Every structure is written in C-alpha cells, then in structure tokens.
*Asks:* 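If you scroll down you'll find the structure; I have some questions about it.
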Amino acid sequence: MRKETAALLEWYDHHAREMPWRSPPGSRHTPDPYRIWLSEVMLQQTTVAAVRAYFDRFTTRWPTVADLAAAQDADVMAEWAGLGYYARARNLLKCARVVAQAGGFPETYDGLLTLPGVGPYTAAAVAAIAFDQPATVVDGNVERVMARLFNVEKPLPLSKPELTVLAAKLTPQTRPGDYAQAVMDLGATICTPRNPACGICPLRPFCAAQAEGTQSTLPRKIPKPEKPTRTGTLWLARHPDGRWLTEERAAKGLLGGMIGFPGMGWDSKTAHDAPPVTANWQDVGQIRHTFTHFHAALTVLAATTSARPDHGMFQPVNPENLPTLMRKAFDLAAATLLPR
DNA sequence: GACCCGTGGCT
DNA sequence: TAGCCAAGGGT
C-alpha cells in the first residue's frame, strides 16, 4: 500500500462523516448493496445535505430493492420531485426491476456497469463499498485531489484519463471501500474547490501542488459556454373544484416523466402554440429558473375555468410533487387565484 | 466527443 | 448577485 493511501485511511479512521447509508470505517458488517446503490445514484451531482431526507423517505417507503421494483412509476417520480436530474429516477426503477428479477445486484464492476443509470463512477463505488472490490472511484472530488496531489496542470476534462490512472495507483487491495469514501470525504471537507484546508490535510507531506503553491488553481478547467435565456409562457388553469390543468411530460428530455403545466416558447419539445383551454387569462407575474444549460424567464398566466381543455387533464396537485420550476409557477398562480 | 439533463448552497 | 460547484449518466 502506498504511503499516501495509508495516510488517507488513517485519517478516515478518525474523521469519517456519519451518513445514513454508510458503515463505520473498518466495520465487519457488510453494507446493504441496495442502500449503497440507492445513495450513490442520489449522490450523482448532488450534495450529501440534499440527499439525506430523500434517502430516508425512499428507504422507509421501499426498504428493499424488491419493494422498489414493485412501486408505481408515478409514486417514485413524485417522491423524487425536487431532487433534480429526473432521468435518474426513471433509471432507478428500471434498475430495481432488473435487479429484483435477477435476485440481487451483480457483484463485479463489469456486471454493475450493465445496469440502467449505473456508469463508471457508480459501478466502482458499489463494487468497492458494498462488495469490497478494489475498483477505482473517480468523481469530482477524486479528480481534484489527484490534480493537486500530483500537480496536474492539464485542464479537465482533457486530464481525466491521466487522473484516473493516478487514482488507480492509490487504490488499495484491502479496504477499497473505505479508501474510496476517504478520498471523497477529504475532497468534500479539506481538499475543497476553494480555500483548501492544507494545514490539516493528511496528504500535505505528499502533495505536489502544496509544494509548488498551485493548489488553489487546480484542477484547471476548460471554461463553459454561457447559458442563453429562454423566454416563454406557462398556463395555470384552476378548476372551480380545486383541480389544476396538468400534463405528464414526455418520458425523455427536460423534466422528463414529471407533472407540469402547459407552456409555450421556452421548451421546444413540449411547446403548444395556444392556451390549453378557453379562459379569462390573467398575467400573475414572472418566474426565473436556471437549468443545466439555460436560464428560463417565464410569464405565468392563470385563470379559473371549468371549460373543456384542448389538452392536459384537470388533476389534484400536490406542489411538493412538482419539479421546482413548476412549483414556482404554481405558488405564484395560487397566491393570486387563492388569496388568503 | 458533444450535447442534454436540476437543484440548492456558497462566495 | 451571478457564477461555481456537487459522490455523473444517457444518447
């Protein structure tokens, strides 16, 4: 085992953060692969703080992968609402059904990689953490730690292959799961993107960037293109009986599979060219929301009507089950149509 | 490889 | 406040 790896594991033994899905360092108990997989999917591009409540709700409602596999699609999408990247929820269900049918999770990196929604990172994480295999985990934290430890000045994503090789060299044959979590904890708490806490870092004696004084400039990244702003309209029609005019969005693409309100202009794939129902539409204000690759600035039109809609269905709406953009529009319309 | 896909916290 | 960032994956 390399000295960097040993130092990292020694640090982790005393500084591991507690998480609902995590076994304590060196634990003899084998972690539940279902809980590890579920947490890793939720943690894709998502912070630990945001995941905790969702993880608790999912595991309470669906304690095993078989329970999840038997769930209704709409229930899982509703439970995922607000967490973002909704393709994860669709793939989560697909994966649960494959695994339940097979009688359990594959225990190898290659086997895990075949599952829906499981890519190189998640396959390695589950293999290492749940099955104690020496798979190399490479996420944003690991990229940052390796770039600094070895003073890699080539920018991401060009440097990703090189960083992956370096990370593999540090992966031990024993305790690979603890090692994977240790690097990620280090990246999350000490080797942070800005203002890294080099003074208390267990890898400081080995860190090339620290020696060169370049740690705050690494990892370098190729600049991202600017986000355009898309403008458009959302129509929120409330039936006198309290239901709202909603439509289930297309399974793929933006907010795929989620409940939404009819709109125009901003979302080319599901755009309409006229209001979904005849009504006395009232401009109740604007909402702004930023997605991965564009800003949305939308005018919200609201009305109460019992006319028959051209598309969509009047349905009961629980705002907690809406994606955030739609919830913003709902809150605005409800404040006007249902003043308290 | 390029592009698509959410959200909330932090600075 | 506007941008950056997070335990990425699919197409």
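Reminder, nothing fancy here: chain letters follow the sequence lines and each chain counts from 1. In this text the structure is predicted, and so the values were computed from the model without any measurement.
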*Asks:* Pick the closest DNA chain B nucleotide for A/N195 and for A/H289 by heavy atoms, then say which residue is nearer the 5' end.
*Replies:* A/H289
*Asks:* A/H293 side chain N/O closer than 4.0 Å to the phosphate oxygens (OP1, OP2) of B/dC5?
*Replies:* yes
*Asks:* Please say whether more than 12 non-hydrogen atoms of neighbouring residues, nucleotides or ligands are located less than 6.0 Å from CG in A/N318.
*Replies:* yes
*Asks:* Ignoring the backbone of A/T292, work out which of B/dG6, C/dG9, C/dT11 is nearest its side chain.
*Replies:* B/dG6
*Asks:* Phosphate oxygens OP1/OP2 of C/dA6: is one of them under 4.0 Å from a side-chain N or O of A/K221?
*Replies:* yes
*Asks:* State whether A/D32 and A/R35 are salt-bridged, where the test is any N-O pair (Lys NZ or Arg NE/NH1/NH2 against Asp/Glu carboxylate O) under 4.0 Å.
*Replies:* no
*Asks:* So if I take residues 41-75 of chain A and measure heavy-atom distances to DNA chain C, which residues fall below 4.0 Å?
*Replies:* A/L43, A/Q44, A/Q45, A/V48
*Asks:* Within the structure shown, what part of the strands sits under 4.0 Å from A/P157 by heavy-atom distance: base, sugar-phosphate, or nothing?
*Replies:* nothing
*Asks:* Rounded to whole Å, how long is the line connecting atom CZ of A/R220 with atom C1' of C/dC4?
*Replies:* 18 Å
*Asks:* Does A/R88 have a side-chain nitrogen or oxygen under 4.0 Å from the phosphate oxygens OP1 or OP2 of C/dG10?
*Replies:* no
*Asks:* Tell me whether the OP1 or OP2 atom of C/dG9 has a side-chain N or O from A/T122 closer than 4.0 Å.
*Replies:* yes
*Asks:* Other residues, nucleotides and ligands only: do more than 12 of their heavy atoms fall within 6.0 Å of CE on A/M313?
*Replies:* no
*Asks:* Heavy atoms from C-beta onward define the side chain here; which of B/dT7, C/dG8, B/dC10 lies closest to that of A/Y86?
*Replies:* B/dT7
*Asks:* A/K227 has an atom NZ; how far is it from atom P of B/dC4, in whole Å?
*Replies:* 13 Å
*Asks:* Calculate the interatomic distance between A/N91 atom CG and C/dG9 atom P; express it in whole Å.
*Replies:* 11 Å
*Asks:* Where does the angle between the aromatic ring planes of A/F291 and A/H289 fall among parallel (under 30°), tilted (30 to 60°) and perpendicular (over 60°)?
*Replies:* perpendicular
*Asks:* A/W266 has an atom CH2; how far is it from atom P of B/dC4, in whole Å?
*Replies:* 15 Å
*Asks:* Take atom NZ in A/K227; do more than 12 heavy atoms of anything else shown fall under 6.0 Å from it?
*Replies:* yes
*Asks:* Pairs of donor and acceptor atoms involving the side chains of residues 297-310 of chain A, under 3.5 Å and at least two apart or interchain, shall be tabulated with distances.
*Replies:*
residue : atom : partner : partner atom : Å
A/T299  : OG1  : A/Q286  : NE2          : 3.0
A/T305  : OG1  : A/T278  : O            : 3.3
A/T305  : OG1  : A/A307  : N            : 3.0

*Asks:* Can you measure A/R288 atom CZ to B/dG8 atom P for me and round it to whole angstrom units?
*Replies:* 16 Å
*Asks:* Taking the nucleotide of DNA chain C with the closest heavy atom to each, which residue, A/E40 or A/H295, is nearer the 5' end?
*Replies:* A/H295
*Asks:* Should we count CZ of A/R288 as having more than 12 external heavy atoms under 6.0 Å?
*Replies:* no
*Asks:* Can you find a donor-acceptor pair, distance only, under 3.5 Å between A/Y85 side chain and B/dG6 base?
*Replies:* yes
*Asks:* Whole angstroms only, please: what is the CG-C1' distance between A/L156 and B/dG1?
*Replies:* 15 Å
*Asks:* Using a heavy-atom cut-off of under 4.0 Å over every strand shown, decide if A/R22 touches base, sugar-phosphate, or nothing.
*Replies:* base
*Asks:* Specify the residue among A/G119 and A/K224 whose closest nucleotide of DNA chain C lies further upstream toward the 5′ end.
*Replies:* A/K224
*Asks:* Using a strict heavy-atom distance below 4.0 Å, which residues from residues 315-333 of chain A are in contact with DNA chain C?
*Replies:* none
*Asks:* Rounded to the nearest angstrom, tell me the gap between atom CZ in A/R144 and atom C1' in C/dC4.
*Replies:* 12 Å
*Asks:* Classify the angle between the aromatic ring planes of A/F55 and A/W21 as parallel (below 30°), tilted (30 to 60°) or perpendicular (above 60°).
*Replies:* perpendicular
*Asks:* How many Å lie between CH2 on A/W80 and C1' on B/dG8, as a whole number?
*Replies:* 16 Å
*Asks:* Centre of A/Y54's six-membered ring, under 6.0 Å away, within 45 degrees of the axis: is that where NZ or CZ of A/R57 sits?
*Replies:* yes
*Asks:* Please indicate whether A/D241 has more than 12 foreign heavy atoms, meaning atoms of other residues, nucleotides or ligands, lying under 6.0 Å from its CG.
*Replies:* yes
*Asks:* Using a 4.0 Å heavy-atom cut-off across all strands, classify A/G82 as base, sugar-phosphate, or nothing.
*Replies:* sugar-phosphate
*Asks:* Using the side chain to side chain contact (heavy atoms under 4.5 Å, CB included) rule, pick out the option among A/L322, A/L236, A/V317 that qualifies with A/T246.
*Replies:* A/V317
*Asks:* At 4.0 Å (heavy atoms only), tell me whether A/L255 reaches a base, stays on the sugar-phosphate, or touches nothing.
*Replies:* sugar-phosphate
